[in-house]
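This is a predicted model, so every value here is computed, not measured.
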Amino acid sequence: MAERSEREKMVAGDLYLASDPELVEARKHARAQLRRYNASTEDQAPFRFNLLKEFFGSVGARLEIEPPFRCDYGFNIHAGDGLYMNFDCVILDCAEVRIGRNVMFGPGVHVYAATHPLEAAQRIEGPELARPVTIGDNVWVGGRSVICPGVKIGDNTTIGAGSVVTRDIPANVFAAGNPCRVIRSL
């Protein structure tokens, strides 16, 4: 059986080395694409869309991300139709990040699929981990919220501004806080 690449380990959620040359090159490519995207103007909507279509794993027909935007790789981001992300959003896409249809992110929303071992001895040796993040359809994530690794947010849910989402949030609720918790049903 052939040994898996560090990229395969990363996407599978196993310990991997981010210093692997293939992953370093993929991040360099992402940075180059992001420089082009972030330097573009609002009058270049077709250019922006086509760049994201090439760069992301998949995109819907309507997609708007206000620059500046940052991510690790791009290829692990799957954006549904009608995604809108306000200024200063970040997606650390070491694992898949699936964003449903008609999702809105306020300014400064961060989505983290990247994580690290909890044990210090293992962490300082350098391996990293990743957990997929899934955001359902028709979700609104308020500004400066953080979505942590492995979290799933259900359809039609609203996350209040400044929330830190550390565990799954069901569909059809308003949730907020640090840690984020369900406040009421919608």
Side-chain angles (χ1 to χ4, degrees), residues 10-11 13 30 33-34 37-38 40 42 45 48-49 51-53 55-118 123 128-186:
M10 176 182 78
V11 172
Q33 296 291 76
L34 291 167
Y37 187 85
N38 290 330
S40 67
E42 55 279 354
R48 285 180 175 178
F49 179 80
L51 187 64
L52 293 174
K53 188 175 175 181
F55 181 44
F56 282 8
S58 61
V59 298
R62 296 172 299 127
L63 175 70
E64 187 174 355
I65 299 176
E66 301 285 358
F69 168 70
R70 302 274 187 261
C71 68
D72 276 330
Y73 298 100
F75 57 73
N76 278 327
I77 300 171
H78 301 275
D81 189 42
L83 171 64
Y84 175 77
M85 295 172 67
N86 213 319
F87 304 105
D88 296 319
C89 289
V90 173
I91 299 178
L92 301 185
D93 63 313
C94 301
E96 279 195 345
V97 175
R98 294 203 167 269
I99 303 169
R101 296 182 319 268
N102 303 311
V103 171
M104 298 187 330
F105 283 6
V109 169
H110 287 202
V111 178
Y112 304 147
T115 187
H116 299 274
L118 294 178
R123 186 173 53 248
E128 297 182 14
L129 290 163
R131 301 283 180 258
V133 173
T134 303
I135 299 168
D137 294 339
N138 311 312
V139 170
W140 175 22
V141 181
R144 293 286 175 212
S145 292
V146 174
I147 310 214
C148 292
V151 164
K152 294 178 183 173
I153 298 174
D155 294 345
N156 309 311
T157 284
T158 297
I159 304 295
S163 294
V164 179
V165 186
T166 61
R167 62 181 63 109
D168 292 354
I169 302 292
N172 303 302
V173 299
F174 169 65
N178 182 3
C180 189
R181 63 182 178 77
V182 174
I183 306 296
R184 65 181 171 93
S185 293
L186 297 175

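In terms of heavy-atom proximity, Val133 sits nearest to Ala113 at CG2-CA, 4.2 Å.
A distance of 8.5 Å separates CD1 of Ile77 from CG of Asp72, quoted to the nearest 0.5 Å. Of the inter-residue distances, the one linking Cys89 atom SG with Leu83 atom CG reads 9.0 Å to the nearest 0.5 angstrom. The distance from the CZ atom of Phe75 to the CD atom of Glu96 is 10.5 Å, given to the nearest 0.5 Å.
Asp81 has no carboxylate O lying under 4.0 Å from a charged side-chain N of Arg101, or vice versa, which leaves the two without a salt bridge.
Counting only distance, with no hydrogens or angles, the side chain of Ser145 and the backbone of Val164 share no donor-acceptor pair below 3.5 Å. A donor-acceptor pair is defined here as one N or O able to donate and one able to accept, closer than 3.5 Å; such a pair exists between the side chain of Thr157 and the backbone of Pro170. Here the side chain of Asp168 pairs a donor or acceptor atom with the backbone of Lys152 at under 3.5 angstrom. Tyr73 places no side-chain N or O within donor-acceptor distance of the main-chain N or O of Leu92, the cut-off being under 3.5 Å. Using modelled atom types, one side-chain atom of Arg131 and one backbone atom of Gly13 make a donor-acceptor pair closer than 3.5 Å. Without hydrogens or angle criteria, Arg70 side chain to Val90 main chain gives no donor-acceptor distance under 3.5 Å. Although no hydrogens or angles enter the test, the distance criterion places a donor-acceptor pair under 3.5 Å between the side chain of Asn38 and the main chain of Phe69. Formation of a donor-acceptor pair under 3.5 Å by the Asn76 side chain with backbone atoms of Asp93 is found in this model. Under a 3.5 Å cut-off, the side chain of Asn102 and the backbone N or O of Asp137 do not form any donor-acceptor pair. Judged purely by atom type and a 3.5 angstrom limit, Arg123 has no side-chain atom pairing as donor or acceptor with the backbone of His116.
Checked by atom type, the side-chain pair Thr134/Arg98 shows no donor-acceptor distance below 3.5 Å. For the residue pair Asn138 and Asp155, no side-chain donor N or O sits within less than 3.5 Å of a side-chain acceptor on the partner.
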